[in-house]
Amino acid sequence: SSNEQDPLIGVLLLSVGVMTFYLLDGHHWIVRSVVQSYQWFPLGHLPSTIPINAIVAQFGSMFVLGVMLVAPVVAVLLLVDSAMAIASRTMPQMNIFMLSIPIKIVVGLLILAGTAPYIRSMLERVYGAVFTYWQALVR
C-alpha cells in the first residue's frame, strides 16, 4: 500500500509482535498508563522532583532485555561467521562469501524458530518492567 519493499521476515515479526501485544492486553496497558499519567502529573503541574535514578534504571533494564532478546541469534551467527572464515582460509579457491549468505539465512531462521516459544515470556517481562519503573517514578 505504501510502494515500499519490506523483507518478509520483518513483516512476519512485526505481525507476531503486534499480535502478542494485543494478546497480552497491551492496548489496555496503554489506556491505563495514559489515565495514570494524568493522575500522577495533572495538567498544569510539574513534579517537584524528577527521579533521575529511576529513569536511568528503566533505560538500563530495557537495554538488558533487548540484548537478551537478540543474544542467541547474535552468538550463533558469530559462530557461523567464524566457521566461514576458517573455511575461507582453508579453501581459498571456493567462494565462501556466496555460500555463507544462504547458510546464515537458514541458521537465522532455525534460531528464530527455536526461540519462538520463549518470546512471549520475554515480552511479558519487557512490558511488565515498564509499569514497575513507572511506579518508582511516582514515589
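Since the structure is predicted, the reported quantities are computational estimates derived from the model, not experimental observations.
Taking CG from D25 and CD1 from I30, the interatomic distance works out to 11.5 Å, rounded to the nearest 0.5 Å. If you take CE on M68 and CG on L65, they are separated by 6.0 Å, rounding to the nearest 0.5 Å. Separating the CE atom in M19 from the CG atom in L14 is a distance of 11.5 Å, to the nearest 0.5 Å.
L43 is not connected to V35 by any chain of hydrophobic side-chain contacts under 4.5 Å among Ile, Leu, Val, Met, Phe, Trp and Tyr, and they are in different clusters. Each of L110 and V80 belongs to its own hydrophobic cluster when Ile, Leu, Val, Met, Phe, Trp and Tyr are linked at side-chain heavy-atom distances under 4.5 angstrom. One hydrophobic cluster holds both V76 and L99 under the rule that ILVMFWY side chains link at heavy-atom gaps under 4.5 Å.
Annotation: Q5, atom CD; neighbour count of heavy atoms from other residues, nucleotides and ligands within 6.0 Å does not exceed 12.
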Test side chain to side chain contact (heavy atoms under 4.5 Å, CB included) applied to L8 and L12, step by step: CA-CA 6 Å; L8 185 60; L12 176 70; 5.7 Å; no
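For the side chain to side chain contact (heavy atoms under 4.5 Å, CB included) with I103, the qualifying choice from V106, V107, I105, I101 is V107, the only one to do so.
When all heavy atoms are compared, the tightest approach of F21 to H27 is CE2-N, 3.7 Å. T90 approaches A87 most closely through the heavy-atom pair OG1-O, 3.1 Å. The minimum heavy-atom distance linking I96 with S88 is given by the pair CG1-CA, 3.6 Å. G108 and L77 make their closest contact through N-CD2, 4.5 Å (heavy atoms, listed as atom of the first residue, atom of the second, distance).
Of the possible polar contacts, none joining the S61 side chain to the A57 backbone as a donor-acceptor pair under 3.5 Å is found. A distance-only check finds a donor-acceptor pair linking the side chain of T20 to the backbone of V16 [under 3.5 Å].
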